[in-house]
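Worksheet: one structure, shown below.
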Amino acid sequence: MAGPTPPPPEEEPSSPSLRLRCAVQHYEWGRRGEASLVARLSDANADDHGPDPARPYAELWIGTHPSAPSSLLADGLLRDWLARHPAALGPAVAARWGGDLPFLFKVLSVAKALSIQAHPDKDLAEVLHALRPATYKDGNHKPEMAIAVTEFRVLCGFAGIQELKDVLRTVPEVEDLVGPEDAAKLLSVKEYHGVNEVKSCLRSAFTKLMTASKEAVSEAITKLIFRLNAESKVRTLTEKENLVLSLEKQYPEDVGVLSAFFFNYIKLSPGEALYIGANEPHAYLSGECIECMATSDNVVRAGLTPKYRDVQTLCSMLTYKQVFPEILRGVPVQPYVRRYTPPFDEFEVDCCSLPPGELVVISPVPGPSVYLVMAGEGEIQVDSMPNGEKSKQGDVFFVPAYTEVKFSASGPECMQLYRAGVNSRFFN
């Protein structure tokens, strides 16, 4: 009788140690201490005494972007490891994106609104990076997708023409800053006039608002807040009006408070997602989400922020499309696994909810993946490992191309995992 089959030789001394150590960003808008999902995930594998209750824990970064790179526990930066082992990316990914991950995976814990912002397309990103590398740190575009973990509130894209006309009729403070000429043009434009004329009127009015003097903005916001507080005693304020009151408390005298009237206001329920293309205005407002994007940190800001504002660039780069964003709910790809597929080559995200005692086998794919254990505990078995490894909340794993992965849930609760990988459509 033959003896037991010997385990395959390890190609890399580091291959069983696919666990990653990931960086936390402590931006001021983040949730503080234990209230932050980012803090709880990062603390699950830390050696210290838990999150600092006074400190904001805003973003967990999983990837190779130099601003906050992930590292393999036993083998230095993931980016350096990939440069030495390009086969881990798979030939198609290595050929298209060089020796690097094309996506950046994040968890966000938002207590306070992020800036009114947009991300440049690839051509503009290269120009901005060349002109101002200290501000625009790379030459890549940054399409992105957010999947709500809790209720997640977002401003995204311009509202429809009818809603914008209602704003000019019912919010005199905005109408005053836009000015009579641009307000009249926007109020009189009809959709049958053609997309370009509508966009031209919207662009002119929005630019007028965003470039108004600080004094004029401050005066308009003072009037607006006084009026809304008075009217709230005799009528129910709209959702947008209540939002504007809360934004003003976070960012007093900021033009972003007024610009909120121009955008779609969206509340995502847990499990719902939206994607944001290049040159589309948006601002995350509150809640916690999984976010995936092309590997970039390029942000053009124009309001609701103490950071550098590039108002002229933002106003000139926007598409001025008036479309309510598509809400994704994930498509089942196998038992317990739903896939979110945005229209970008760089990434897709799978969410796996595994009941106690169940097993899921993730078939090999021709590109790299990263896995985050969001909740619960169990075991991961990667085909380069002879035995499974325990995994729990906060664990992050890098998995090379063409690698089968098995997860089994062993705790009393559902094990929830997220996987980010290159968009499957890229390989078809």
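Note that the coordinates shown come from a computational prediction; the quantities given were computed from them, not determined experimentally.
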Should [X] and [Y] count as an ion pair when the cut-off is N to O under 4.0 Å?
| X | Y | value |
| --- | --- | --- |
| D297 | K137 | no |
| E272 | K267 | no |
| E28 | R55 | no |

Where [X] and [Y] come nearest, the two heavy atoms and their spacing:
| X | Y | result |
| --- | --- | --- |
| A420 | F103 | O-CZ, 3.5 Å |
| V255 | I221 | N-CD1, 4.5 Å |
| L268 | A146 | CD1-O, 4.2 Å |
| G30 | A111 | O-CB, 3.7 Å |
| R96 | D345 | NH1-OD2, 3.0 Å |
| L258 | L224 | CD2-CD2, 3.7 Å |

From [atom1] ([X]) to [atom2] ([Y]), nearest 0.5 Å:
| X | Y | atom1 | atom2 | answer |
| --- | --- | --- | --- | --- |
| S71 | L77 | OG | CG | 6.0 Å |
| L114 | I116 | CG | CD1 | 10.0 Å |
| D182 | K185 | CG | NZ | 5.5 Å |
| T135 | L128 | OG1 | CG | 9.5 Å |
| E173 | L209 | CD | CG | 12.0 Å |
| R338 | I147 | CZ | CD1 | 11.0 Å |

Would you please say whether a donor-acceptor pair under 3.5 Å links the side chains of [X] and [Y]?
| X | Y | result |
| --- | --- | --- |
| E288 | T150 | no |
| Y340 | E348 | no |
| Y136 | D310 | yes |
| T305 | S115 | no |
| Y57 | Q25 | no |
| E346 | H141 | yes |
| E144 | H282 | yes |
| N279 | D121 | yes |
| R79 | S70 | no |
| N298 | N140 | no |
| R153 | Y265 | yes |
| D138 | S296 | yes |

> Please walk me through it: do L285 and V154 pass side chain to side chain contact (heavy atoms under 4.5 Å, CB included)?
Replying inline: CA-CA 5 Å; L285 302 173; V154 187; 5.7 Å; no

>> What verdict does the salt bridge (Lys or Arg N to Asp or Glu O under 4.0 Å) test give for E59 and K106, after you've listed the backbone C-alpha separation in whole Å, the side-chain angles of each residue and the deciding distance to 0.1 Å?
In response: CA-CA 6 Å; E59 296 188 352; K106 296 183 183 180; 3.2 Å; yes

> Honestly, is K199 close enough over F158, meaning NZ or CZ under 6.0 Å from the six-membered ring centre and within 45° of the axis?
Replying inline: no

>> I want to check a possible cation-pi pair here: K307 against Y27, using under 6.0 Å from ring centre and within 45° of the ring axis as the test.
In response: yes

> Once the angle between the rings of F398 and W81 is folded into 0 to 90°, is it parallel (under 30°), tilted (30 to 60°) or perpendicular (over 60°)?
Replying inline: perpendicular

In the structure I gave you, are the side-chain heavy atoms of [X] and [Y] within less than 4.5 Å of one another anywhere?
| X | Y | answer |
| --- | --- | --- |
| E326 | Y275 | yes |
| R40 | M374 | no |
| K240 | E163 | yes |
| K392 | V373 | no |
| I380 | V405 | yes |
| L228 | L237 | yes |
| C292 | F347 | yes |
| F152 | S269 | no |

>> Run the side chain to side chain contact (heavy atoms under 4.5 Å, CB included) test on I327 and R329 for me, step by step, so that the C-alpha distance in whole Å, both residues' side-chain angles and the decisive distance to 0.1 Å come before the verdict.
In response: CA-CA 7 Å; I327 305 300; R329 291 176 175 85; 4.0 Å; yes

> For E181, does the CD atom sit with more than 12 other heavy atoms under 6.0 Å from it, leaving out its own atoms?
Replying inline: no

>> Looking at F427, I'd like to know if its CZ atom is crowded, meaning that more than 12 non-hydrogen atoms belonging to other residues, nucleotides or ligands lie closer than 6.0 Å.
In response: yes

>> I want to know whether Y251 and W29 have ring centres closer than 6.0 Å.
In response: no

>> Measuring centre to centre across the rings, with the benzene-like ring taken for any Trp, is F206 within less than 6.0 Å of F262?
In response: yes

Heavy-atom donor-acceptor pair, [X] side chain to [Y] backbone, under 3.5 Å:
| X | Y | answer |
| --- | --- | --- |
| S316 | Q312 | yes |
| S204 | C201 | no |
| T403 | V399 | no |
| Y418 | V370 | no |
| S200 | E197 | no |
| T295 | P102 | yes |
| Q250 | L247 | no |
| Q334 | V361 | yes |
| H65 | S67 | yes |
| S36 | G33 | no |

> Can you name the one residue among I362, D395, V396 that meets side chain to side chain contact (heavy atoms under 4.5 Å, CB included) with Y371?
Replying inline: I362

> Among L164, L202, I161, which residue meets the side chain to side chain contact (heavy atoms under 4.5 Å, CB included) test with V189?
Replying inline: I161

>> Checking V38 against L108 for the side chain to side chain contact (heavy atoms under 4.5 Å, CB included) test, could you report, in this order, the C-alpha distance in whole Å, the side-chain angles of both residues, the deciding distance, and whether it holds?
In response: CA-CA 7 Å; V38 169; L108 272 62; 5.8 Å; no

>> Determine whether T341 and V331 satisfy the following criterion, side chain to side chain contact (heavy atoms under 4.5 Å, CB included), listing intermediate values before the conclusion.
In response: CA-CA 9 Å; T341 309; V331 174; over 6 Å; no

